[in-house]
Amino acid sequence: MPKTLVIVESPAKARTIEKYLGKGYTVESSIGHIRDLPRSAAEIPERYKNESWARLGLNVEEDFRPLYVVSAEKRQHVARLRKLTSEADELILATDDDREGESIAWHLLQELKPKVPVRRMVFHEITKEAIQSAIQHPRDIDTNLVEAQEARRALDRLYGYEVSPVLWRKVAPKLSAGRVQSVATRLLVERERERMRFVSAGWWDIEAQCDAAGAQFPARLTELEGRRLALGRDFDPLTGRLKPGSEVALLDEPQARALAEALTGSALTVTSAEEKPYTQRPYPPFITSTLQQEGSRKLGFGAQRTMRAAQKLYEGGYITYMRTDSPSLSAEAMTAARSQVKAMYGDAYLSPQPRVYSSKSKNAQEAHEAIRPAGNSFRTPDSLRAELGTDEWRLYDLVWKRTVASQMADARGRRMQVRLGGQTRDGRPVQFSASGRAIDFPGFLRAYVEGSDDPAAALEDREVILPPLTQGQAVTGQRMDASGHETQPPARYTEASLVQALEAAGIGRPSTYASIIGTIQDRGYAAKKGSALVPTWTAFATSALLEHHFSSLVDYDFTARMEEELDDIAGGRKQRTPYLRGFYLGDQGGMGLKPLIASNMEAIDARAVATIEVPRLAGSGIEVRVGKYGPYMSQGEARANIPEDLAPDELTLERAQELMSRPSGDQVLGQDPETGLPVIAKAGRFGPYVQLGDTTPPSRTASLFPTDDLNTLTLERALQLLTLPRLVGTLEGEEVWALNGKFGPYLKRGTDSRSLTSHEQLFTVTLPEAEALFQQPRFRGRGATAGPLKSFEYPDRTAISLRSGRFGPYLTDGERNATLRKGEDGPDLSADDARSILEERGKEPKKKPGKPARKAAAKAPAKAAKKPAGKASAGRTGRSAPAEGGMAIHTPLKSAARKAPAKAAGKSKSAAKKPATAPKAALAWADLKPHLGVLSEQERALVTATREQGRKVEEVAPGLGLDIKKAKGMALQASKKLNQAARGG
DNA sequence: CAGTGAGCGAGCTTCCGCTTGACTT
């Protein structure tokens, strides 16, 4: 009997399909993509590591050829599939019928290298009929569709891996940019900007309680003396004033109260009464985005929680696949839904015709059905109560109701609109209006009412029943209440509404909606506040950078345009390579990401990027910046941190001034019981510290430990810190002190010193311990961790030791070192592992400044030469000065020296790679000048005057309003900053 | 610009989409 291997994407699907196919078929799953571009250096195969494009994982110099690797997690699984393939007589690739699915099929083909016949089959619903029919109608792999997927993949990689480093350089390390996340972040930022610009406005109107022959109903004043009363929409959100040209009447509180008084008990007449019938159609069955939205509105679940519950339901066979963009129901589902409607609600509630739904989104790929109860007869939620967990049951209930409702009859009702005329006691004409809504036949609403995340709209929508009213009828305005209103800023995005907005713009896919929200939170671009997503100041800085310098990349239409191109590629009308050349290199009018990055790396002023425009602070002299330690404000030389929980739109001028006047780092914690002096916590140049006394200079100061937090510091702790430095005791007539220094905690004895391993030791270290430390040699003797952790011996080479270092565990044989990567560390590390790691990645330590390169360097195996020598464009190599004497020479010669090794790379790699570095040597003004952006205005003025014009600090300082001592300090700091910036710090 | 004792293996971060467990909090 011939054996056929069928491969689908999901294991749960594999189980179901195997049942339908019966004997002779083995159904396995790929578990998603089986290979991808390498994620990081660790995944790049050794033979490609030296390629200039290795970092990107695709050869941008040769047609953007991708480098695919099977990740470590997938290796075993792929090996298993390969084995199963070799045992089968036929292979059927049954991955999803969409761009990614086609690509998975192609990757399987590439990776499994089957020697048996291969067919491709597709289906859109998992029903017995659909599967059996699909297997009768196989086709070939659509290579154009695969090309489109590869283009998409390449573009995303290029965007992400080229633009992210710009952010590392200009904003903060570890940030990220991407086609999807950057637009999502921008949406949040733009909305917050609107809220920051928003000026609230107040207005008043009157609520009337009317009586029509004993029947009560509410009405609202809408016109006064022929003029319509102002509503929220009449106000300009930017000024809080009525929009220019508005002919509306505006009441303030006293006017409204007086008017209410004057109208109480007045006689009104019905001037018009209209009644209009309406019908409402049910909502389409769930797709991923609507499921997440309703999960949020009705169940209060985050997107992740909804998807977790859905995954469980799917795996248990309760619902169909949960990552879909198609609202269509299979024939069996339609029948099931309709028969259930009939059985549970009766014929009257059944839609006369089967309702067919199709996707509204033009980027939908519709590889699956809608999300619905599984099977050809739906199990009712009640019948499942006992077998499902709480979250799962509630979600199933939602899915069931929505699916059933989608085949039910329209809801029918009437909308009523009534106008009432009258006049005030002093004869001014007024008009009231009342509206009502009555449902005559609920139809599908019996089963399902869509939730709303706009409470105001929900309020308006509630059913209000008016008594029967006819034109000319007399009505009494029994009670009149003045009521005040305020315009509200646009609401922040929630997880659900962000997903909705992204989907509407065709950005992201069902499988990624939930993780997009995770990503922007992980990168520190947004934080949840209740259900709202609040963008951080970092998000503002990043978004502004991208909007100003990479505007087309964060355009809301970017993805839509990309999709059009991909459609053309999938349809064979265009080709992948020219498209990518345009995008990356700028061919044929393409955007040219690479040259854009190159020019922006130079052009973008990091300091300007870090400064965030806050309209409410315009003209105040207060600037908001994101710095290394978080967001802060500056006004001249004064600084104040912005509290973490302060949302950007809450930073009003008043709040900013309050924070500036009482900087968070300047808190009086209390009094020192001994001296009676105040204990003050401050944020200083070297980080947070406490001081005793408010004199200049204070009587004592002490830095906080890294574990301390300025905001939660107690008086008790501050006093403890202020006991430092502590006299530990005396050794041979020399005092031993425990101090907290710039490199951390240490002991001092005369001119000798030793580091301590933890800050808390400052309080606990004893004299004998101190003595033991001083007996150990200086830098090797770091507390208990001194010496190798482990040592490996070999018959044929020198021993390798495992040590704990500043950057974590590393291996060394005395000549070369290699830092261990994640997962390599630990007790499992064998001698063989250690040897191969060191041989593969071992690097010689850097040379001391000023020393000529040792001969050993030239003999070092080529492998040790990690980076290709001529990579000057990355701005990282070639920075080390080629001078022998420790001084850098900065003339045009230097750039020649930079380029030279590129040509000589083949012959003298190691020589080119390792010029004697002189990291501490001062750089020349010409090299420093481009980095002036990192300095404050005062610093810049100082440095420019001294370095460029050759003036002395003493003569420049008074002009800048600085005293000479301060100015000298500032000049020193500024110079350090500049050098650091120029070296790429 | 609160003030402090030295000088030490760097190398990685990052994208979007397709899928599940196997891990630990």
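Chain identifiers are assigned alphabetically (A, B, ...) following the order of the sequence lines, protein sequences preceding nucleic acid strands; residue numbering begins at 1 within each chain.
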Separation of atom OH in A:Tyr746 from atom P in B:dA6, rounded to whole Å: 8 Å

Intra- and inter-strand pairs of DNA chain B in dot-bracket (Watson-Crick or G-U wobble, both distances under 3.5 Å; | for another strand): .........................

To the closest 0.5 Å, what do you measure between CH2 (A:Trp737) and NZ (A:Lys748)? 11.0 Å

Any base atoms under 4.0 Å from A:Gly744, or only sugar-phosphate, or nothing? Heavy atoms, all strands. base

Strictly distance-based, threshold 3.5 Å: is any side-chain N or O of A:Lys74 a donor or acceptor partner for the main-chain N or O of A:Gly32? no

Option among A:Arg509, A:Arg153, A:Arg152 that satisfies the salt bridge (charged side-chain N to carboxylate O under 4.0 Å, His left out) test with A:Glu100: A:Arg152

All pairs passing salt bridge (Lys or Arg N to Asp or Glu O under 4.0 Å) where residues 687-697 of chain A contributes a residue, at least two apart: none

Atom CD of A:Glu43 to atom C1' of B:dC12: distance rounded to whole Å? 14 Å

Can you tell me how far CG of A:Leu580 sits from CZ of A:Arg157, rounded to the nearest 0.5 angstrom? 13.5 Å

Over how many whole Å does the gap from A:Arg754 atom CZ to B:dA6 atom C1' extend? 11 Å

Please state how far atom CZ in A:Arg169 lies from atom P in B:dT14, giving the value in whole angstrom units. 18 Å

Is NZ or CZ of A:Arg179 both nearer than 6.0 Å to the six-membered ring centre of A:Tyr159 and within 45° of the ring axis? no

Nearest-Å distance for atom pair CH2/C1', residues A:Trp168 and B:dT13: 4 Å

Roughly, in whole Å, what's the span from CG in A:Leu692 to C1' in B:dG3? 15 Å

Between B:dT13 (C1') and A:Leu56 (CG): distance, integer Å: 14 Å

NZ/NE/NH1/NH2 to OD/OE distance under 4.0 Å, A:Asp96 and A:Arg323: no

Heavy-atom side-chain contact between A:Glu43 and A:Ser71 under 4.5 Å: yes

Does A:Asp325 use its side chain to pair, donor to acceptor, with the backbone of A:Glu366 at less than 3.5 Å? yes

When you check every protein heavy atom under 4.0 Å of nucleotides 15-25 of chain B, what one-letter string (B, S, -) results, 5' to 3'? BBBBBS-----

Separation of B:dC1 P from A:Lys682 NZ (nearest whole Å): 12 Å

